[in-house]
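The structure under discussion appears below in the form of structure tokens.
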Amino acid sequence: MKNKTAVNTRKKVDHGIQKYLLTGVAATSVAIIFLIILFIFIESTEAISAIGPWEFISGTEWRPFNGSFGAFPIILGTILTTIGALIFAVPLGITSAIFLSEIASERTRNILKPVCEVFAGIPSIVYGFFGLMVIVPFIFNTFPNLAPAGFSWLAASILLGIMALPTIVSVSDDAMRSVPKSHREASVALGATHWETTRKVVIPAAFSGISAAVMLGMGRAIGETMAVVMVAGNAPNIPEPMWNVFEMIRTITSTLAKEVGEVTGLHLSALFLLALVLMAMLLLTNLTANLIMRNTKRKFETGQGMIEKHLPDNVKNVINMAKRPVMLSMAFVVVMMMASLFTDIIVSTLIAFACILFISTMPFISKRIRSLNRQRIAHLAMSASMIVVCAILFILIADITVKGIPALSWEFLTDVPRDMGRAGGILPAIVGTVQLIIGTALIALPLGILTGIYLAEFAKDNRFTKIVRSSIDILNGTPSIVFGLFGFALFVHYLGIGRTLIGGCIVLAFLILPVIIRTTEETVKAVPQELREASAAMGATKWETTAKVIVPAAMGGVVTGVILSLGRAAGETAPIMFVAAVGIKRHIEFSLFDTIMALPYYLYYLTEVPNSEEVRYGVALVLLMIVLSMFAIASMVRHHYSKKVRW
Amino acid sequence: MNQKTKMIIAVALTAVMCTGGTYMLTSGSGSDTTVLRLEGSTTVAPLMEKYAEIYEGYTNVRIEITPNGSQNGVDAANSGVANIGLSSRNAGHASHAGLTEIRIGVDTVVLIVGSGAGVTALTKTQVIGIYNGTITNWNQVGGENRLIVPVDRYEGSGTRSYFEESFASDGTSTLNINRNHASPAGGTGAVIGFVSSNPGAIAYVSLGSLVTSAEKGMAVALDMTNAGTGTAFSPITQLENYTLKRDLVLLVKGEPTGPVSVFISWILGTEGQKILEEAGYLPLAALS
């Protein structure tokens, strides 16, 4: 009897220690986000006091070498490219998602859904490279007089739109799939066609999820760096007229990517201030997104949104009546603005009128079409947009594969770079990337998995947990270039150790930490409650249950998530470009404190080297293959476990 | 042992074998290697890459180059992060104070134009007009009827500030690079690639970065007298008289010693200077 009590006490003590340990680990996410904000703020103080925050934001001239730090054109550039990307990606993405969720057969869906995930995982440097080699020349050849350089707002927005597509499609699809079947059945029972059900029931019900998808895509577009810097032209000016999509544009992220590594003093400080502005913009986006989602959810549940509730009825009526004319006149202005880029003002006004006429007669026309035919047309349109999305992605893969294969050879994979990168091989870059992956895994896995387990099994619903969760959310929404800036401030500026492998691993580990935490938490939570109860019934402590029952059961999901996030780390350029990577190394080194060559940065570096097109494509292909094979492994693991683990 | 453990072991083994294999493949040489760290000017860095490739064939010295701009080169040489700082500012520049300057050659900044420009020489006034935005078509400077697409470099570029300074130095004219000029990501190489594919483009680059004869053919002669009455010197054939020249400088803290000094004297020697000349820069001998 006495003995048993002793055992129990020991178990309790163990549990206590382990819990404190887990709590400590979970607190690191908070520490990381705190450190990032702290370092960026400290580095930007010089600019805040020397330039002044208002002068910085409102100044229209960015000429740091002449002492003028007006960031307005750059901030505007970020907003404009994002708007452009959304105009491109939202209609295409949502219609494709409708196809995927409502029209496609289960088999088609099972093929297309993973394809979407893979495309979300292609490194942004590869997208940027594709934009540089394909989209920019295309725009230059199509509009030689309007965009004589090819580099343009248009190119950046198209590319960002393409990159946001997989996110928008995938998340909207999930939202629509989660609309209960009963809703659909009720609608069909009332005599609605499939399309009418989709339009009037599924989409409104999934609206909050769809807006989340759009916001996620928007966040990605604002924070994207490498793709934009390669195609936008980067002239820090305000387009003239403001809607001239053919002019060159510069974003916050591309300014950071181009200038941080090469400047010092006030200029560097101003760049950190720019990063602070970027983070503030993202925070604002996320807050708005939350508000919109809460509002739409409420609207769907109670029939009226938060603002509407407080409005008197007559105001509501006015709003309802004004909705249509306002929308129409907005469409009119937009069409006229775009048309005026091509022709004179009279012709563009006429074109705009024609468009408005067409749009406003649409409802009358569509009423005359039989509802089944209407469904046919709609389904055709949805399928067409899915085909467009697939075609874009296919062209990307095909271009890189076809042009990359000639570069591949045994020598290319096993030699060091020669002739400044035009010849020789890429072995140091491959090894460097592998080193980065391993190092990142060693740091991120323990932290991420333990935090995930803590959140799923031990976290109480208290303030600490809330802080941890919102830190993880902020970390997840932080653009990769900000991680790079943080690493630069910490390792290069503050510690003075220069570019190192260890610095790169730490920064990348911080970058993927939120993803690992989330997948771990989700999979652990998905383990059925019965397992926990059964284990507890056999006398196991909470800790023993977690370690011996829950974690093994959740292993498949965790491993999949880990491999996917490491795949992301392997392709990241922005975080390592100031912290770890150098262009060319002719030796393989295994020291943590040495610089490294890495595939994504080498691809960026090679765009500096004239006559290196073949090697560039080779590097892009190898990088693509590494990332895609990690995806393949992840899906194999998932498949393996989903067959093995059943409950 | 269950499936999962087996799989983890298999993955780990593959990783170890891969790294081990590559290590054995490449680390043939002895262990007593010295690493020289070079940091700084993006103009000097490509030349240093070329040097490093050849020099490492002779010795156990490993040379690591981080191209991050002249100012960082100065800072890194001062702080000791780099053994040698690279600078494309002229010798005697105020920022070099306290460091030993070793001039190794001279770089020329040339103007290159696209295939459809139809000009072979430009005057100072014309260049200023093009970059200020008052001249927008090649037919205004005696070329074809085609829009001019001026290419700019990003703000951190040493070439950019040199270019701007050399057109504004006498105080009578200012080059104020106008809005909406492309500055492609990736620096020099991207700029050259852009100009060779865009018939109306104009850009300024370092002569040493033009490699093929087709690329060299894009360079135009330049007359730097204010009135445009002087001789337009070609950067390819009349390099000695060409005006836009600047020094390539190595910066060392204190006097160079040991492997640093051996490396520098090799650069200043016959072979080093020959490599420099072949790369398109002006060797020291040509200056006297």
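By convention in this document, chain letters (A, B, ...) are assigned in the order of the sequence lines, proteins followed by strands, and residues within each chain are numbered from 1. Bear in mind that the values here come from a model prediction, so they are computed numbers and not experimental data.
Across A:L606, A:V260, A:D594, A:V136, the residue that shares the most heavy-atom pairs under 4.5 angstrom with chain B is A:D594. When B:S197, B:A52, B:G193 are compared by the number of non-hydrogen pairs under 4.5 Å with chain A, B:A52 comes out ahead. Counting heavy-atom pairs under 4.5 Å between each of B:E215, B:E53, B:R146 and chain A puts B:E53 at the top.
Ring geometry for A:F488 versus A:H493: interplanar angle under 30°, hence parallel rather than tilted (30 to 60°). Taking the six-membered ring for Trp and thresholds of 30 and 60 degrees, B:F263 and B:Y51 have ring planes more than 60 degrees apart, a perpendicular arrangement.
Contact annotation for B:S209: only backbone heavy atoms (N, CA, C, O) come within less than 4.5 Å of a heavy atom of chain A. Heavy-atom distances place the side chain of B:E64, and not its backbone, under 4.5 Å from chain A. At a 4.5 Å heavy-atom cutoff, the contact between B:E49 and chain A is made by backbone and side-chain atoms alike. Contacts between A:R422 and chain B at a heavy-atom distance below 4.5 Å involve the side chain alone, from C-beta outward. Only the side chain of B:R37 comes within contact range of chain A, judged by heavy atoms closer than 4.5 Å. Contacts of B:E39 with chain A are absent, with no heavy-atom separation under 4.5 Å from either backbone or side chain. Proximity to chain B is absent for every atom of A:D415, based on heavy atoms less than 4.5 angstrom apart.
The ring pair (Phe, Tyr, Trp, His ring centres under 6.0 Å) search around A:F129 returns A:Y617, not counting sequence neighbours.
The OG atom of B:S213 lies 11.0 Å from the CE atom of B:M218; values are rounded to the nearest 0.5 Å. Distance check: B:L251 CG to B:N83 CG gives 13.0 Å after rounding to the nearest 0.5 Å. From B:I275, atom CD1 reaches atom CD1 of B:I54 across 3.5 Å, with rounding to the nearest 0.5 Å.
In summary, A:R250 and A:E259 engage in a salt bridge, as defined by a charged side-chain N under 4.0 Å from a carboxylate O.
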